[in-house]
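As the structure is a prediction and not an experimental result, all values here were calculated from the model.
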Amino acid sequence: MEKYDPQTIEAKWQQVWADESSFHVPNPSPEEIAEHRERTYVVEMLPYPSGELHMGHTLNYTIGDVITHVRRRKGMQVLRPMGYDAFGLPAENAAIKEGGNPRTVIERNIASIREQMHRMGWAFDWSRELSTHEPEYYRWTQWLFLRFFERGLAYRKEAPVKWCPNDQTVLANEQVIDGRCERCGAEVEAKNLTQWFFRITDYADELLDEMDLLEQWPERVLTMQRNWIGRSQGARVVFRVEGSGDELPVFTTRPDTLFGATFFVLAPEHPLVAALVAGFEHETAVLDYVRRTAARSEVEREEKEKDGVFTGRYAVNPVNDEAIPIWVADYVLMGYGTGAIMAVPAHDERDHAFAERYGIEIRQVVAGPGRDVAEAGAFVSHTADEVLVNSGQFSDLSSPDGKVAITASLVEQGLGEETIAYRLRDWLLSRQRYWGCPIPIIHCETCGEVPVPDEQLPVVLPEIDDYVPKGRSPLAAAEDWVATTCPKCGGPARRETDTMDTFVDSSWYFIRYTDPHDDRLPFSRELADYWLPVNQYIGGIEHAVLHLLYARFFTKVMNELGLVGFREPFARLFNQGMITASGAKMSKSKGNVVDPLVFVERYGADTVRLYTLSMGPADEDMDWHDTGLEGPWRFLNRLWRIAHEQSVKPVSADPGDGALARRTHRTIAKVTDDIERRFFFHTPIAAVMELVNEIQREPDDPAARFATETAVSLIQPYAPHIAEELWGVLSAGEARLWETAWPEADPALLVVANVEVVLQVNGKLRDRLQVAAGTGEDELLAAALASERVQAHLEGREIRKTIVVPDRLVNIVV
RNA sequence: GCCGAAGUGGCGGAACUGGUAGACGCGCCGGACUCAAAAUCCGGUUCCCCUCGGGGAGUGUGGGUUCGAUUCCCACCUUCGGCACCA
């Protein structure tokens with residue numbers, strides 16, 4: 001027997017898989033599409049090719065590998081591709097630093113990460129490999145953008161946007177975390193800029209409601225998306241400016257508190273502010289305040305005490321015609337609702353703080369037991385016994401009834417309506433950076449925004465020398481490229497110089513995999529509908545409100561465009577946990593990054609794969625310990641030795657129905673069920689380890705060889721190289737385990753022959769009993785009563801009750 | 001504040017439908033082999049008490065349901081994650 005040498009055997013099998021394209025899955029013929037063969041589509045979130053495979057990839061792709069191997073061996077046709085999310089800042093920044101070209105950087109990185117993926121032994125269909133930066137791919141990203149544009153779902157407008165001063169580009173709302181840039185952590189600034197948006201807000205309701213179509217998504221992701229969309233039911237109420245009659249609509253979720261509105265607030269950015277104060281005595285003070293606000297960062301604006309300034313003007317409350325003072329204050333945000341609010345200091349904490357500071361009346365309009373504003377401060381009504389007070393004809397109504405009645409009365413007068421507000425903003429997709437997909441639009445003085453005709457796609461990203469961001473797109477400097485002719489009128493025109501957010505690229509790649517070389521369309525609908533929705537999507541939680549929301553939006557639009565027949569891209573989603581080092585997130589700045597390849601060199605890919613999945617439930621965070629690899633390493637060595645020992649026994653020996661044979665069948669059942677139904681990847685490893693420990697204890701058991709073969713077979717999805725090698729050893733050279741049917745448990749052998757029954761007195765364990773499985777209740781009880789240890793605890797006390805659970809326990813209550 | 005998830009040995013974790021708490025692994029302790037070490041193998045490893053038979057406690061805390069609760073119910077504490085001047 002040779003020593004277990006992972007480096008040699010792993011290289012050997014990887015070569016076979018590459019030479020034979022072992023994991024290639026051809027697309028179905030039209031007849032096969034009609035046949036509805038059992039097929040499944042497993043996709044892991046595609047990596048950003050930084051050049052180095054990290055722990056997140058190792059875990060993500062090993063989970064996918066296990067699922068893929070098991071399903072494949074169960075006879076399913078499994079599509080399982082891989083690609084690269086190649087556009088984006090890191091490559092561009094690296095190119096700026098090293099003086100190279102982002103394309104060179106990224107293609108070098110892709111070559112390197114591809115190599116590392118092969119080294120891990122992952123079973124991808126490499127014939128479908130794609131990268132989002134290739135013109136063959138982004139041609140179709142542009143094509144899709146144009147379909148969105150034609151439908152009015154991609155549009156350009158001037159709007160207040162978030163600007164990252166470090167990366168010198170605008171960001172989508174989803175890319176701003178706590179007022180900081182998701183990428184670099186710099187505090188974002190507010191700017192008014194003309195930018196491209198996708199009208200994702202049109203799909204807010206569908207994004208919420210169609211969560212019902214999803215088979216299995218983690219609850220936390222759905223919650224995060226719901227929070228992000230932030231749907232709230234309320235009313236639009238129209239106030240009028242006293243004197244001018246200008247309408248100032250507000251959004252409120254609490255129309256029942258309208259009688260408590262004692263002032264009115266406009267956001268400093270509200271378009272009517274300037275006109276409202278023009279020529280009035282407060283004009284200078286108000287404009288000063290607006291200017292000061294503009295200079296404040298978002299974070300600053302939120303952390304300071306609430307302040308504001310009176311405009312000198314009044315708004316008329318539609319329910320009682322009362323004129324209330326209009327203030328401008330920056331705690332009201334232009335980006336939500338209408339940028340104006342009715343302030344009800346008795347029932348809103350923010351309004352309360354503001355009213356106290358400026359001595360504005362606080363008028364309680366909801367009352368209930370123990371609910372007094374003068375004593376308790378502002379409160380929000382929430383129980384049915386709280387009723388409206390000081391509310392004219394609506395007084396004494398319950399709060400919910402008051403909501404309905406007041407809204408109805410406003411609707412009647414044409415001064416309000418039921419409405420819904422969303423927190424979700426349109427997706428800002430343009431970026432002022434070089435390394436991205438060009439937006440296929442031409443600006444013409446006479447024709448305006450003109451789409452590049454389909455037959456001229458792709459608009460190829462030009463080669464330029466200077467990528468350094470200067471606050472406008474570097475593409476603007478490529479004068480030869482920018483200057484073009486208008487496709488409509490033929491006159492001189494200029495190309496759009498912004499590029500797309502990389503999340504656009506990744507919003508449809510999972511469909512391109514089904515038809516990766518199509519040069520007529522982004523993909524064929526037949527193939528898309530055959531493979532999708534994705535049966536199992538696997539990736540990190542960090543994309544909960546980014547990629548996962550965008551891809552859902554894209555799918556809905558593609559569905560309405562008739563490009564696909566489904567509404568949701570991913571039927572099932574699994575979020576793997578994060579692998580930490582000493583409890584902390586791995587990061588270059590902390591210097592605690594663990595490189596999986598270092599351990600692949602030391603122990604081999606099989607040990608690293610096994611350890612990665614044995615650390616704990618795959619959807620929870622796991623802490624990496626170098627010494628932990630010793631467990632799987634010893635296990636594989638033991639398996640290696642045992643397999644060689646068992647290989648000398650005759651292949652056809654009958655395993656019989658003894659304890660080891662039964663245990664083997666139970667292990668098959670547990671491993672299969674854990675992986676398929678429970679999505680547990682760590683417990684199957686423990687189960688196979690137990691089986692191997694058992695073989696080691698009873699190497700001469702008639703079932704030992706069968707048990708060994710089964711252990712090798714069951715561990716194959718985790719440790720495919722050694723399993724393949726040992727399969728060859730055990731079956732004298734016939735090494736095709738990856739094509740061998742997944743073992744099936746014999747139901748007749750799933751039950752154990754003998755069981756240990758626990759004997760309890762008053763619920764406390766007193767003795768154990770070995771009996772044949774299925775022993776009757778009476779017999780069990782008699783045996784229990786005969787036990788000396790049980791009798792010692794009965795001691796002549798009266799037996800009040802006996803509980804007998806066959807094959808489990810007997811409990812005697814005294 | 002709102003929403004979500006989770007609290008089990010020295011550590012990671014297991015116990016899926018209420019039925020032997022601590023599987024499996026790491027680490028540690030002891031032993032075998034060895035001149036020695038590594039590797040490997042065997043045994044031990046929740047805590048407390050005890051005469052080596054055993055007894056008691058124990059799954060964040062306090063209650064409850066039950067013959068029986070890590071599992072179900074109520075209240076609370078802690079940790080992690082998301083959202084948040086969102087009207």
Sugar-phosphate only, base, or nothing, as touched by A:Ser614 at under 4.0 Å among non-hydrogen atoms: nothing
Pairing partner (Watson-Crick or G-U wobble, both distances under 3.5 angstrom) of B:rC85: none
Nearest-nucleotide pick for A:Thr627, side chain only, options being B:rC24, B:rG27, B:rC67: B:rG27
A:Lys801 vs A:Pro617, nearer the 5' end of RNA chain B by closest nucleotide: A:Pro617
Between A:Tyr611 and A:Tyr603, ring centroids under 6.0 Å: no
Of the listed nucleotides B:rC67, B:rC85, B:rC16, the one nearest the side chain of A:Ile803: B:rC67
Whole-Å C1' distance, B:rU71 and B:rU20: 15 Å
Note: A:Arg296-A:Asp330 ion pair, threshold 4.0 Å (strictly below): yes
Nearest-angstrom distance, C1' atom, B:rA57 to B:rG9: 14 Å
Closest approach of A:Leu629 to A:Val608 (non-hydrogen atoms, all atoms of both residues): CD2-CA, 4.1 Å
Sugar-phosphate, base or nothing in reach of A:Val545, heavy atoms under 4.0 Å: nothing
Span that lies between the P atom of B:rC42 and that of B:rU65, in whole angstrom: 49 Å
Nucleotide nearest A:Gln696 when distance is taken to its side chain, options B:rC24, B:rC42, B:rC86: B:rC42
